[in-house]
Visitor: 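Below: one structure in structure tokens.
For ligands, and for the atoms within them, numbers begin at 1 and follow the listed sequence.
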Amino acid sequence: MEDDDAPPLAVRIGKEPESNPPDRSYRSQNVQRGTSEESPVGVTVITGYLGAGKSTLVNYILNAQHGKKIAVILNEFGEEIGVERAMINEGEGGALVEEWVELANGCVCCTVKHSLVQALEQLVQRKERLDHILLETTGLADPAPLASVLWLDDQLESAITLDSIITVVDAKNLQRQLEEHLKSSFFPEAFLQIAFADVVILNKVDLVLQEGYGLDTSTILEELEKKIYDINSLATVIHTVRCQVDLCKILDRQAYGAKNLAHLEKLLEDSKSTFSRSRHDNTLRTLCIYEEQPVDLDMVRSWLEDLLWEKKSNMDVYRCKGVLNVLNSDQLHTLQVSSNN
Ligand SMILES: Nc1nc2c(ncn2[C@@H]2O[C@H](COP(=O)(O)OP(=O)(O)OP(=O)(O)O)[C@@H](O)[C@H]2O)c(=O)[nH]1
């Protein structure tokens with residue numbers, strides 16, 4: 001990983017950078033290039049740990065009344081293409097989405113980074129102009145290299161702009177993920193995704209309410225918010241159930257526009273000295289199962305029980321999803337399991 005890819009951990013800074021910005025003139029030139037021609041297309045990066053609710057947010061945005069022509073780039077860690085897309089309601093004949101791009105078999109933050117650049121180039125060269133691009137990363141993505149692609153790529157920069165990085169977190173699992181990260185450096189992605197966010201969506205608040213933990217709900221949520229601010233004091237935190245959020249709070253934020261440039265540069269510089277290099281938790285693996293024949297639903301259920309609850313395969317499963325062609329059914333079924341839910 002190159003030094004330029006190191007992420008900006010969000011740290012509290014004073015107002016001085018405005019008056020004395022670091023000398024990164026290439027960036028300033030590119031920002032000016034973007035404003036002198038047609039305004040660049042905003043890209044919202046939607047990140048968040050496995051099963052936190054990223055696709056739920058994409059669905060919510062696409063189905064809202066925003067009047068925008070939106071393209072969606074989906075990135076899947078596994079090699080099976082189409083599973084992620086099956087989780088999203090594209091509308092009648094795909095009407096809700098202007099264009100889809102699926103990048104499978106690797107993470108946009110590392111192995112398929114170049115495919116991302118190509119995909120973005122193609123999207124902005126379309127005859128019919130897009131209003132916005134949503135990029136849903138894998139749950140294991142580190143936003144830092146993505147931000148560097150979107151901020152610094154010469155070919156892209158005049159045509160697109162990083163509008164915002166939205167990190168969706170699972171209110172029920174966040175505490176455990178952060179504790180384990182501190183103890184053992186597991187879940188580095190969960191930590192980095194928050195460090196990098198412009199907006200953190202504290203999702204699945206309903207599950208916190210259900211569980212209660214013997215504490216007042218608002219106390220639990222306040223504690224979680226505090227943990228988020230400890231990592232990133234600059235983020236806007238929004239509580240949601242099923243990612244239902246006012247779109248004004250997440251689209252067209254221009255969070256990384258020229259006016260925040262000095263501030264961002266400062267974050268990037270600061271992060272270089274403080275960042276730990278363990279980008280991916282390499283104890284995690286993905287496994288894709290492809291079955292040509294229709295499956296027996298009872299057998300699938302029993303197999304899942306053995307896998308998830310009895311732990312007969314001797315592994316922890318953080319996320320499981322799929323599209324099932326079920327015996328004696330003329331409809332496709334989707335399968336969703338996210339850890340501890
Ligand atoms: N109870 C509850 N479930 C939710 C909420 N938001 C999402 N879910 C469910 O959580 C599961 C995972 O949601 P997704 O949107 O697919 O999560 P994701 O982050 O896209 O998952 P990956 O891409 O696999 O990392 C699905 O079964 C959702 O229906 C919520 O606020 N409350």
Visitor: Taking the minimum heavy-atom distance to atom 21 (O) of ligand 1, which of Arg319, His239, Gln336 ranks first?
Guide: Arg319
Visitor: Hey, is Asp230 close enough to Lys227 for a salt bridge, meaning N to O under 4.0 Å?
Guide: no
Visitor: Under a 3.5 Å threshold, yes or no: a donor from one side chain and an acceptor from the other, between Glu136 and Ser55?
Guide: yes
Visitor: Under 3.5 Å, is there a donor-acceptor pair linking the side chains of Gln175 and Glu179?
Guide: yes
Visitor: For Asn203 and Thr240, which I'm curious about, is there any donor-acceptor pair between the side chains at under 3.5 Å?
Guide: yes
Visitor: Does Thr56 approach ligand 1 within less than 4.0 angstrom via side chain, backbone, both or neither, non-hydrogen atoms only?
Guide: both
Visitor: With atoms numbered from 1 as shown, which atoms in ligand 1 lie under 4.0 angstrom from a non-hydrogen atom of Lys54?
Guide: 15 (O), 17 (O), 18 (P), 19 (O), 20 (O), 21 (O), 22 (P), 23 (O), 25 (O)
Visitor: Please identify which atoms of ligand 1 are closer than 4.0 Å to at least one heavy atom of Lys321.
Guide: 22 (P), 23 (O), 24 (O)
Visitor: So, applying side chain to side chain contact (heavy atoms under 4.5 Å, CB included) with Glu98, which one of Asp131, Leu130, Val72, Ile133 is it?
Guide: Leu130
Visitor: Check each atom of ligand 1 against the heavy atoms of Glu136 and keep those under 4.0 Å away; list them by number with element.
Guide: 20 (O), 23 (O)
Visitor: Side chain or backbone, does Val205 bring an N or O within less than 3.5 Å of an N or O on ligand 1?
Guide: no
Visitor: Considering all heavy atoms of both residues, which atom of Val237 and which atom of Glu225 are nearest to each other, and what is their separation?
Guide: CG1-CG, 3.6 Å
Visitor: Does ligand 1 have any atom sitting under 4.0 Å from a heavy atom of Ala52?
Guide: yes
Visitor: List ligand 1 atoms under 4.0 Å from Leu207, heavy atoms only on the residue side.
Guide: 1 (N)
Visitor: So, taking the atom named NZ in Lys68 and the one named CG in Asp252, what distance separates them when rounded to the nearest 0.5 Å?
Guide: 3.5 Å
Visitor: Measuring from the heavy atoms of Gly51, does anything fall under 4.0 Å of ligand 1?
Guide: yes
Visitor: Relative to ligand 1, is Lys204 under 4.0 angstrom through side chain, backbone, both or neither, heavy atoms considered?
Guide: both
Visitor: Which ligand 1 atoms does Ser55 reach within 4.0 Å, using its non-hydrogen atoms?
Guide: 15 (O), 16 (O), 18 (P), 20 (O)
Visitor: Taking Trp303 as the starting point, is it possible to reach Val326 by hopping between hydrophobic residues whose side chains are less than 4.5 Å apart?
Guide: yes
